[in-house]
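As structure tokens, the structure follows; a few thoughts come after it.
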Amino acid sequence: MSNEPWQMGEIAGPKKALIITKPSVVVGMVKKAKRALMVVGHEISKYDLGEESAIDYMIRIAETFKIPIVATAHTVSEFVKRSCYPIWWMSALDIANRLQDPEWEGLDGKGQYDLALFIGIPYYMEWTILSGLKHSAPNLKTISLDRYYQPHATWSFPNIKIDEWFTHMKEILGQIVEK
Amino acid sequence: MSNEPWQMGEIAGPKKALIITKPSVVVGMVKKAKRALMVVGHEISKYDLGEESAIDYMIRIAETFKIPIVATAHTVSEFVKRSCYPIWWMSALDIANRLQDPEWEGLDGKGQYDLALFIGIPYYMEWTILSGLKHSAPNLKTISLDRYYQPHATWSFPNIKIDEWFTHMKEILGQIVEK
Amino acid sequence: MTSRKSIHFKLDKLKSNLAEIDGLEVSIGKIMGEEWEEPFGPTPCPSLATLREWDLKLLKRYKPFYLPYCDVCCLCTMGKCDLTAGKRGACGLDICTQQSRIVLLACCIGAATHIGHARHLVEHLIEKYGRDSPIDIGKSVGVDIQAPVTRLVYGEKPETLGDLEEVLDYVENQVTQLLASTATGQEGDKIDFESKVFHAGMIDQVGMEVADMAQISAYGFPKADPEAPLVEIGMGVIDTKKPVILVIGHNVPPSVEIIDYMGEAGLSDSVEVAGICCTSIDATRYNPRAKIVGPISWQLRFIRSGIADVIVVDEQCIRTDVLIEAKRTMTPVIATAEKNCLGLTNRTRDPADEIVADLVEGRALGALIFDPEKVGEVAVRTAMLLAPKRMKFKVIPEAKEIVEGAGKCAQCRFTPCMRACPNNLPIREAMEQAAQGDLEGLSNLYEACIGCGRCESACTNELPIHSYIIGASEKRIREERFKIRAGRGAIQDVEIRRVGGPIVLGEIPGVIALVGCANYPKGGNEVAEIAGEFAKRRYIVTTSGCSAMSIGMYRDEDGRNLYEVYPGGFDAGGIVNVGSCVSNPHIAGAAIKIASIFAKRKLRGNYEEIADYIHNRVGAVGIAWGAITQKAASIASGFWRLGVPVIVGPHGSKYRRMLLGRKDRKEDWYVYDARTGDKVFVGPCPEHLFYAAETKEEAMVMAAKLCMRPNDTPKGRMIKLAHYIDLHKRFYKVMPDDLHLLVRTEADLPITMKDEVMKILAKKGWKGNVIPDPTLLPRLVHVKEGKRDEQ
Amino acid sequence: MTSRKSIHFKLDKLKSNLAEIDGLEVSIGKIMGEEWEEPFGPTPCPSLATLREWDLKLLKRYKPFYLPYCDVCCLCTMGKCDLTAGKRGACGLDICTQQSRIVLLACCIGAATHIGHARHLVEHLIEKYGRDSPIDIGKSVGVDIQAPVTRLVYGEKPETLGDLEEVLDYVENQVTQLLASTATGQEGDKIDFESKVFHAGMIDQVGMEVADMAQISAYGFPKADPEAPLVEIGMGVIDTKKPVILVIGHNVPPSVEIIDYMGEAGLSDSVEVAGICCTSIDATRYNPRAKIVGPISWQLRFIRSGIADVIVVDEQCIRTDVLIEAKRTMTPVIATAEKNCLGLTNRTRDPADEIVADLVEGRALGALIFDPEKVGEVAVRTAMLLAPKRMKFKVIPEAKEIVEGAGKCAQCRFTPCMRACPNNLPIREAMEQAAQGDLEGLSNLYEACIGCGRCESACTNELPIHSYIIGASEKRIREERFKIRAGRGAIQDVEIRRVGGPIVLGEIPGVIALVGCANYPKGGNEVAEIAGEFAKRRYIVTTSGCSAMSIGMYRDEDGRNLYEVYPGGFDAGGIVNVGSCVSNPHIAGAAIKIASIFAKRKLRGNYEEIADYIHNRVGAVGIAWGAITQKAASIASGFWRLGVPVIVGPHGSKYRRMLLGRKDRKEDWYVYDARTGDKVFVGPCPEHLFYAAETKEEAMVMAAKLCMRPNDTPKGRMIKLAHYIDLHKRFYKVMPDDLHLLVRTEADLPITMKDEVMKILAKKGWKGNVIPDPTLLPRLVHVKEGKRDEQ
Ligand code: SF4
Ligand code: SF4
Ligand code: SF4
Ligand code: SF4
Ligand code: SF4
Ligand code: SF4
Ligand code: SF4
Ligand code: SF4
């Protein structure tokens, strides 16, 4: 069940996300990408484990990878509170819509992206958005950083517990720093 | 891919067949069953590997398990040619329809079955029939003996080659005899 | 183009002067029955639940067996809902109800398609011929009962094109109501959904009847003519030296205008008009010089062959990628229907010259033209000018290219090509062989290939697999030169009079209707074989649409074409092509007319009684061996409500549920004896109402069996049993196991088999049964005091 | 019950005498415009492609972004077809076209549902009140433009119930044609599908308008009354000491007859009538003593509470398992609609006594009764007799039972319960807590629980999870005692005159329409918060259906009910409940009337110009925060064709595609200046046409932005910008990043923010823009020689 879609009816196929079995996959993908970005939705705030907050992780990962963050909905407010790392904001659908336009010039005017990491959009909405990208953005790879299996991503974690998830994030950070 | 539905669009889920990784699973299931039967469709004749013919295997398996065979469509003619093992015949839909009726008295008047092994019905048709049984016959377990993954069965082989398939059948036979 | 023509018409009349208002009155008055003496039956213009009790009777005997085609429902934003095995969706729905809902949805789409088509046709023909243009589908050959379905259901008999409009108002209303029932939170019961499915089918039959009556009458198609001309069919019959216009679809006005324009311009000999799907059938009904390429599955192969210089599409069954495919051969596409605009620019108001120039110069891939006359002109002129430039540019590769291409096949382990193929064809193996220079493997795929192109989409190496198959079958395709009898339309009353008795008594063993599309599991020849088998056995074989084509595209063991061997009359041993999809009601209509003409049952608004009659007495069976569409689904359901069983091919199992009788449940097979009121066991006759057969052999054996009816006389039953036993023994190599359920008296037994069968019967403890005057309707029992079994 | 009443009626008239025929003529004549001087506009009774060019203009700017909800298509027997990323189905279809096809299918279902409902209502009301019964939805308060949508689309103004029938003929015809377009092998272009989606939405608006006009007129609902009474809503308002009849659905006649029977029998004080979904709204419009339980999601909880002694369902939005649930509390169910028969026996012709006895004695779980009057009698009498027996038998467990039950929770690793929950609610955790005696976790789920019951279906241990949530929230539920303003119906012409200018000039910052169902991501309070926020900011807030209920079922920080705080007039700061789902066209109608009354644009059959007007000038935005059904989809699409943007909640992403503008593409945001013919950049106003917001905060910020229109005066834009910036800063904690696109001149700038914003604009290199007289239609440019930009 750990690699079945998290929400029960959201069956997908024939083309389904590869499972991220170890965090190094994520690191490898980002390093391989020419231009990557990270999309963070408002449910990121559900990823809090006591003193650890996922937003901080996302900021550190983005900083280390040197990739931009797009905060969707009102999530930007959380980032504004926390950091001066430059954050873009846009609705989830707007960023997705742009990601599938081969002519989009990117947040910085330097062109389209080839990798997008998603986290924190409500499961079913992220599901439909990733589906849109799977079908309409053939040159884009997508990674779901959420702790639920997202079948329409190119790569996704399986369904995992929150502490596992934090461990993975730590490992990702460790590995970026390492390399 | 070996455990994806054989025909490309025939996605299924959330509840999918368990994969038969070793033939002993089949033997175990049949032995555990109170009343089992085997349904053989006309594509059984596609399972010929030189001198080996799948029909003979089916007859031997059924004989050894002491379970009845229901030949669908005109398949009975093939059995009639070959053996005197008593064969029932009925259309694929008729036998399936009866299998989901808790009040059906069985071929022999002794009551409903709790296990049905399927083979040789065209993939997509077997797919829909197994789906019908999955949904409407809660007390029936189904096994697809075909060499294609049938997601709506309770148990199914993955997609395998024909020689692998023959090996499996031999093993099944060997194991029944053994035990 | 607006749909308000009819309203505008009325408006003008009303505005202009009083005399014309009177005219309008009369026409309304007429259809309202002033000239029809027959009183209304109990159910004219039935609404959703009017015939529900009849449906429940059928559905109690023929229970739905659901074959869920998906485990979830995805129809509203609370979904997707997992409905697996007992789970309920967020609206409370379970999996079986969801399947029945989807069946209803499909049948609504199917019915709407025919009705929408009928409306368009009627509006167009009224505009062209006037609303008083008479309905005449064979009066001169004695077709007195025109519109049997409309009479039966709607309760009126239309006499003019204008009369048809109100009939359409009614069916549009019913389709809307039915469709509404599929909304989230509407109908909650699966059996009620099934009843609505029947209603959709019945409504659909009215819509189709309207369409075909309108076009037969206005365009002068063959009128109930058993000797409708033989016309040419097959890719090999197209004269490729001429400019070729390919018409695809179902709504014939553009094709008619093409033919007319050619005539007026003196180009009838200079341009070929060839068609795919029903539009081509109807074009040949209009003018037997038009040609038929083949059924729906011939689209890709013919377009890619480059033979067509212009493609004109109207509506239904048209490949949605026709523009993309046509572009590859530089063939412009003219779209003509609001229902299928294909993203093209609307050129309806542009001068023909400009459009022709744009198409010929390649400035536009196609044009959208809603005016059929303009389509006629533009298509013909474009074809004439373009043909010399295109030089039949094709994208079907030559043998050499195929071998080369096949060499690039990666022989993928999990064969995406084969797994994408609806018929699971062994493409990889054929490729391997082809790579070695031998195209036979590819060519062997031709017969069972439904031309869908899915293999190409799936191929890892983007090989044009379907084109390879076609290229490898070049010789065979050149030999596709066949004949088909043009659609004859209705059945004559006199034919009904002749065969009514023999059919009802069982002496003509049955009416086999081969209808529907070309999603055949193993090729179209199977349909022709079925047709030949039953015609030879002197059943009445009727056919329409793509199935009628497949019967034509075949040669029997002796190399003969079945339409040449078997006559076109509605009689034992005939093969009767009624026409296109919308001609199907002539088949149902024949059954209805048997009840009316032969048995003198009242027709008007008397659905239940007539259906009961047909179900118990008319040994008709539909076979839709390659049924594909929602239209095929609703056509089938029209038969169900009349109690006529339908067999589909194995792909038909995807229609999500079957309606299966259970011959092992004796209690299911009782009818009332109308003479006595007694309940009488009549055996499983007919055993199923809807049913997917796995093989053609199974279909034939079952069809023979499903022709039996409770009303069969001993002689009739004897004949039917003889065929059933014979086919069973031939294909199954054993005697049937259910003879004890089908034999009522010893007199039922085929003489040559008597001893053999009697032994079997004895073993089963068979005891004879009464042959009743069968009905499922207690109200039809001739009331005798203290005797009537009210239920 | 048959649908032929109207035909029968005509028939009788025609048959009986000539005078009556004349009567019929006049009524046809009238609707045909003899008494209406306004000449026809260009597009009365548009058919599928009539308004295609307008649609293409919108769709070029607001391109569909497809969110495929399934990778395959399963609609015909050639499927399933894998359509993943570029693959094509067996009919040639690609994934995007398939999504647009499903959207059209959904909108056809939605439109058919309203139209079918309208037809049923009109037939019933004609039968009861006569076809000459006048349409009057507020004449006494000066509603001169009745039926603005019908005038605009159909091109006529209905004056009597009878006039509505022809309007329905037209919309039924169009629905049929649209549905036909979804058949396999029909429309092949996704943008053409989208255009047809718009058509479906427009047709649907006509159908809804007909329905609401009919019921307002015939039943005397509040007529454009800003002071429609406040009525009671909430589970806590039901007097459980009385027998309670629960009505569920949308089609009010049975509820009306229940109320009337109670009145006649002197039982008005003895029985409670309480409803769920729109039928309850309409019941309170009929009689303000009726009560509303809550929106669609209140069904399970209320049925299980056992409070209802009889349940009467009509059509739409009814749980399909209502019989099963009602059986558990021993509550009989009366089904009343052909569209939803629930498998019950048809008792329409049985004496009321018998039916009542069967229901009271428990011999039948329910009854199917198509005659509303009989329903009224049976429901009331059954409730009276049954209430003392049932003793409000409930299946909601007490605290103790819940704790016990929760103890049986297996704390499943992959939490089937949570994974089945549409809102992903943390059920396992709540169970764990409950097992320890603390029900707070369960009670915390109440607000966001949409009452779907899927968790229960999925639970490994078959725990009645939803009932536990309800049981744990007992106190809260008892406190569900709120008010809602009864649906007022149309907007008065005088109100339009008052606000037309301020809206068009931008001084009333916008019209926010909160409509649709209750599939809220985090509960209904969000809708109320949105309503309160915008009312406070003096937008005009309009609402209907379940959203109107959610607004009522809320207390603000000060414990106040919003309907008590904000007036019901169509004016700045009003919260305007127009009524049930079919009342939605009053909202569109208000926009249309602004164009007509304020701007004097011609209405009759002049769709394109009016839509262009609304799109460029009327700052209206729809928010369907919990949109569920196909009806909600078609309601949204009716707004799209008028150029009015619609925001849905996150679950709305399952509607398969969005229509998104791209503010980064400058070229997309030009309009014609009607004064000069110049093309003028006007910025992304409005930025999107259809769009799912992730959170209510996002929705509010976006709604404020989407209210901007090219026509805004500087003062108007200033006000709108001020709200946008304020909300943006409040929720996002930063300034918007697109002010340079929204500010045309310095005069647009809110004074208090001027410096701050000017700095931002300077950084972006902002240069001012002209404020045009905006239109997308070149033909509306005032022609000046050599100046007009023809395109
Ligand atoms: S219609 Fe019912 S079963 Fe289907 S998705 Fe909606 S809630 Fe689920
Ligand atoms: S085109 Fe023919 S071979 Fe290819 S997938 Fe379709 S049926 Fe199979
Ligand atoms: S998918 Fe293409 S490359 Fe692979 S085996 Fe099939 S034909 Fe060959
Ligand atoms: S019903 Fe069809 S479209 Fe919906 S999820 Fe299932 S396969 Fe996909
Ligand atoms: S409609 Fe087209 S895409 Fe859908 S199943 Fe049929 S062939 Fe495939
Ligand atoms: S009933 Fe409530 S808790 Fe249960 S699945 Fe539905 S929304 Fe979730
Ligand atoms: S599925 Fe049922 S048993 Fe399992 S965790 Fe959820 S509530 Fe507990
Ligand atoms: S708002 Fe939606 S859920 Fe509520 S009654 Fe209307 S359609 Fe049904």
Side-chain angles (χ1 to χ4, degrees), chain C residues 2-4 11 14 25 29 32 45 47-50 69 74 76-78 87-88 90-93 109 112-113 115-116 169 172-173 175-177 179-189 191-192 316-321 338-343 422 452 454 457 519 628-630 651 654, chain D residues 2-4 11 14 21 29 32 45 47-50 69 74 76-78 87-88 90-93 109 112-113 115-116 169 172-173 175-177 179-189 191-192 316-321 338-343 422 452 454 457 519 628-630 651 654:
Chain C
T2 71
S3 74
R4 57 193 297 274
L11 174 67
L14 280 163
E25 274 162 44
M32 286 307 152
C45 294
S47 66
L48 264 54
T50 310
Y69 200 36
C74 60
C76 84
T77 74
M78 294 194 292
K87 289 186 191 171
R88 287 180 179 274
C91 62
L93 204 70
I109 295 176
T113 305
I115 292 164
D169 283 347
E172 285 165 354
N173 169 266
V175 164
T176 305
Q177 298 285 348
L179 183 61
S181 306
T182 68
T184 297
Q186 292 268 43
E187 186 55 77
D189 184 75
I191 299 298
D192 268 308
Q316 303 165 48
C317 300
I318 298 154
R319 284 194 67 91
T320 53
D321 57 356
E338 288 192 293
K339 273 167 268 185
N340 183 10
C341 297
L342 288 172
C452 69
R454 261 184 3 203
S457 256
N519 189 13
I628 293 178
T629 59
Q630 300 82 23
H651 285 290
K654 300 172 193 167
Chain D
T2 71
S3 73
R4 56 193 297 273
L11 174 65
L14 281 162
I21 295 184
M32 286 308 151
C45 293
S47 66
L48 264 54
T50 310
Y69 201 36
C74 59
C76 84
T77 74
M78 293 195 292
K87 289 186 189 172
R88 286 179 180 277
C91 62
L93 204 70
I109 295 175
T113 305
I115 293 164
D169 282 347
E172 285 165 355
N173 168 265
V175 164
T176 305
Q177 298 284 349
L179 183 61
S181 306
T182 68
T184 297
Q186 293 269 43
E187 186 55 77
D189 184 74
I191 299 297
D192 268 308
Q316 304 166 47
C317 300
I318 297 156
R319 284 195 68 91
T320 54
D321 57 356
E338 288 193 294
K339 274 167 264 183
N340 183 10
C341 297
L342 288 172
C452 69
R454 260 180 10 199
S457 257
N519 189 13
I628 293 177
T629 59
Q630 299 82 24
H651 285 291
K654 300 172 193 166

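Order of the sequence lines fixes the chain letters, A, B, ..., with proteins taken first and strands second; residue numbering starts at 1 for each chain.
Note: Asn519(C) CG to Cys76(D) SG = 7.0 Å, rounded to the nearest 0.5 Å.
Here Ile628(D) is the residue among Ile628(D), Ile318(D), Ile115(D) with the most heavy-atom pairs under 4.5 Å with chain C. Across Leu93(C), Val175(C), Thr629(C), the residue that shares the most heavy-atom pairs under 4.5 angstrom with chain D is Leu93(C). With chain D as the partner, the residue from Cys317(C), Cys452(C), Ala90(C) showing the most heavy-atom pairs under 4.5 Å is Ala90(C). Contact count against chain D (heavy-atom pairs under 4.5 Å) is highest for Gly343(C) among Gly343(C), Pro422(C), Ala183(C), Gly116(C).
Among residues two or more places apart in sequence or in another chain, the side-chain contact (heavy atoms from CB on, under 4.5 Å) test is passed with Arg319(D) by Gln299(D), Leu300(D), Asp321(D). Taking the salt bridge (Lys or Arg N to Asp or Glu O under 4.0 Å) definition, one finds that Asp189(D) meets it with nothing, sequence neighbours left out.
Using a 4.5 Å cut-off on side-chain heavy atoms (C-beta onward), Glu172(D) and Asp169(C) make no contact. Side-chain atoms of Leu48(C) and Lys339(D), non-hydrogen and from C-beta on, do get closer than 4.5 Å to each other. Between His651(C) and Met78(D), the closest side-chain pair of non-hydrogen atoms is not below 4.5 Å.
The main-chain N or O of Arg88(D) is found under 3.5 Å from a side-chain atom of Ser457(C) such that the two form a donor-acceptor pair. With hydrogens and angles ignored, the 3.5 Å screen pairs no side-chain donor or acceptor of Thr184(C) with any backbone N or O of Gln630(D). The main-chain N or O of Gly92(C) is found under 3.5 Å from a side-chain atom of Thr320(D) such that the two form a donor-acceptor pair. With Gln316(D) contributing its side chain and Gly185(C) its backbone, the two residues share no donor-acceptor pair below 3.5 Å. A donor-acceptor pair under 3.5 Å is absent between the side-chain atoms of Thr77(D) and the main chain of Lys654(C), judged by distance alone.
Nearest heavy atom pair, residue Cys341(C) against residue Asp192(D), reads CB-OD2, 3.1 Å.
With a 4.5 angstrom heavy-atom cutoff, Ile191(C) does not touch chain D via any of its atoms.
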Would Gln186(C) and Thr113(D) satisfy side chain to side chain donor-acceptor pair (under 3.5 Å), going step by step from the backbone distance to the final call? CA-CA 9 Å; Gln186(C) 292 268 43; Thr113(D) 305; 4.5 Å; no

